[in-house]
Number of protein chains: 2
Amino acid sequence: MEIRITRTRNPKKKPDENSLVFGHDFTDHMFIMNYTQGEGWHDPRVEPYGPLQLDPSTMVFHYAQETFEGLKAYKTDSGDIQLFRAKDNAARLNQSNERMCIPTLDEEDVIQAIATLVKVDQDWIPKAEGTSLYIRPFVIATDPFVGVKASSTYLFMIILSPVGAYYKEGISPVKIYVEDKYVRAVPGGIGFAKTGGNYAASLMAQVEAGKKGYSQVLWLDGIERKYVEEVGTSNVFCRVGNKIYTPPLQGSILSGITRDSAIKLLRSWDIEVIEERFTIEQLFEWHRKGELQEVFATGTAAVISPIGALSWQDNEITINNNEIGQLSQRLYNSITKIQNGQLEDSFSWITSI
Amino acid sequence: MEIRITRTRNPKKKPDENSLVFGHDFTDHMFIMNYTQGEGWHDPRVEPYGPLQLDPSTMVFHYAQETFEGLKAYKTDSGDIQLFRAKDNAARLNQSNERMCIPTLDEEDVIQAIATLVKVDQDWIPKAEGTSLYIRPFVIATDPFVGVKASSTYLFMIILSPVGAYYKEGISPVKIYVEDKYVRAVPGGIGFAKTGGNYAASLMAQVEAGKKGYSQVLWLDGIERKYVEEVGTSNVFCRVGNKIYTPPLQGSILSGITRDSAIKLLRSWDIEVIEERFTIEQLFEWHRKGELQEVFATGTAAVISPIGALSWQDNEITINNNEIGQLSQRLYNSITKIQNGQLEDSFSWITSI
Ligand SMILES: Cc1ncc(COP(=O)(O)O)c(C=O)c1O
Ligand SMILES: Cc1ncc(COP(=O)(O)O)c(C=O)c1O
């Protein structure tokens, strides 16, 4: 794919690396490519970062036909630029696109587009410990038409945002509310796709949990409201004795790439990982019996988030003394070191650009 | 509310009234109002219809925090302009807003905004039999921010589209596919809200049904996949003997305004309407016993759509000889005549402007 590059003549002032806010600052350039029925994806280009001009009837405003991804680029100590698991993100974008009736993209092209844009804006990759460049590829439906159908035109775009260490004072455990009123997704729905509707649907639970003092919700399955599914925008793991449990991918939860990295690392350490459904009652039972050693969430933004407290129907349990567990810490260290080049990439997760 | 009006200096050519396509043409003006945290909704204005300038990080593109409504304005034979059930649409917009964590609007302001815009563009209201001006109010989240939270800024807009008679050669029954693979919504989710995510989630089923030769899908409940819920973007009714059955509003289906109009009219004609759950098996059983006289869908776009055939798990049934039923026709006539001023508005459904 031949990418046309137009460089900005007005570079922005870069934010201070030590006070980066997640998702708030964007770099000097963006990637755009158009889709038109008949013609396919065409006109890939890097342009100065700037506003889109869209008709108010544009379908994405009304019917949310949209998908996105989230991944990160890191600068190693020797100055190399590394993408973490970019191929998996490109593949997942296409899974989301298929579910949302959006034409799929060539996955090699997606990676080339990311690499090209990151190289153009490489001075924006922060270097301080724990920082990185967050990459947001997304697709939106752009037909100027009011009526429910799949659009015949789309934009695929990539924007970049320098982000700070998620936990400014080191990793600290979070308090989670077990949601049993609102539902995020069910099998047959769109829960496994990274598409706006899932996130819009989750806001109310998040706001209500926030008011009660919890940083996120743990979602239960939408059918019986008893099986553990996800935590906010991350996947969830429990350590019970020396075994690790995590909910399986059955259509209602996102196939997290950090989840997969954690499973592969744990298994490489000879730790048993069980991908089977378990209920919230079971989780509380493990705790009652003193077997629940660690609970943690996995996601691109924070990598590993230890869960220090869980509240379900007025019962709150404290997990591992509200401290980060040994395996959570080991996973965090290993993943972040592979990401920033301090540890060997034995799983071929890195794309060097 | 004081609405600032800026008129276009370049009025567009109006489309031919006899070949209007639904949702394709938009009038000369649009309504906009901004929301900013702290300040609330402010700066209501009518402006020349034109594109929005939005940062690529704008939240609506990523997280689909958006709501909308759909209603119609009609020109009566005497030249008056009538809105149909505008108060109910304004109220439903707020129900959707609440579920999606969007600040609610003053419902009087919404009606005033609609009335003002429709008056400015009143020459766009088509006069031919069965035509009307479709009104699309919508709200989108506009924070330039990548991260899952409720936005702190929004746009409320209204756009207008002249629309033709839905059925060009008179009402004709449609063929519907009973969907048992994909799920639209479950209780605890967002099915009752008019928000983009529900429509994006529905596309795949619609596309697959279309390929099989059906014009829409009938959704079953997402839990047991047996209770009848909705048909595409409309509510559904069955006439069994002299009784009418329609699924109750229990959180997963939209509270259709045409549904409510149909129920009120039917009851005023002393016809029993039963708002209770029934299974698709029951529906097929009614048909087998020769009791299923009519099935029809209700919605703003087509008002009443008779359903002539239903396909479920490889069994296709023909309903009422694939002809429009007597009650379907009576409802269609009554509702459309109230809408265009040919029948008395005994339920106070009309706002004259
Ligand atoms: C709903 C949801 N679950 C889980 C995850 C974790 O996925 P990943 O590890 O690929 O970031 C995310 C996203 O980032 C998410 O949005
Ligand atoms: C999902 C859905 N159900 C039902 C309806 C019918 O509602 P109304 O009669 O208010 O148009 C609509 C919308 O128009 C809809 O989008």
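Everything numeric in this text was worked out from a predicted model, so none of it was measured. The analysis underlying the following values was restricted to heavy atoms, covering all of them including side chains, and did not include hydrogens, waters or symmetry mates. Sequence lines set the chain letters: A, B, ... in the order given, protein chains first and strands last, and positions in each chain run from 1.
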message = What part of Met204(B) gets within 4.5 angstrom of chain A, counting heavy atoms only: side chain, backbone, both, or neither?
response = both

request  = Walk me through it: do Ile159(B) and Asp55(A) pass the test side-chain contact (heavy atoms from CB on, under 4.5 Å)?
outcome  = CA-CA 10 Å; Ile159(B) 58 178; Asp55(A) 195 274; 5.7 Å; no

task = Rounded to the nearest 0.5 Å, what's the gap from CG on Leu52(B) to CG on Leu52(A)? Could you check?
result = 10.5 Å

request  = Would you mind telling me which of Ser161(B), Gly147(B), Pro187(B) has the largest number of heavy-atom pairs within less than 4.5 Å of chain A?
outcome  = Pro187(B)

query = Out of Tyr134(B), Phe68(B), Tyr49(B), which one racks up the most heavy-atom pairs below 4.5 Å with chain A?
reply = Tyr49(B)

request  = Please state whether the rings of Phe61(A) and Phe138(B) are parallel, tilted or perpendicular, taking 30° and 60° as the class boundaries.
outcome  = parallel

note = Pair count under 4.5 Å, heavy atoms only, with chain A: among Met100(B), Glu179(B), Lys194(B), highest is Met100(B)

message = Would you compute the distance between atom CD of Glu66(A) and atom OH of Tyr63(B) and round it to the nearest 0.5 angstrom?
response = 10.0 Å

remark   = When rounded to the nearest 0.5 Å, the distance separating OH of Tyr182(B) from CZ of Arg99(A) is 6.0 Å

query = CG of Leu160(A) to OG of Ser57(B): how many Å apart, nearest 0.5 Å?
reply = 12.0 Å

request  = Just give me the residue among His24(A), Met59(A), Lys149(A) that pairs up with chain B most often, heavy atom to heavy atom, under 4.5 Å.
outcome  = Lys149(A)

Backbone N/O of Ala150(A) and side chain of Gln206(B): donor-acceptor pair under 3.5 Å = no

request  = Determine, step by step, whether Ile190(B) and Val183(A) satisfy the side-chain contact (heavy atoms from CB on, under 4.5 Å) criterion, reporting the C-alpha distance in whole Å, the side-chain angles of both residues, the deciding distance to 0.1 Å, and the verdict.
outcome  = CA-CA 9 Å; Ile190(B) 57 174; Val183(A) 167; over 6 Å; no

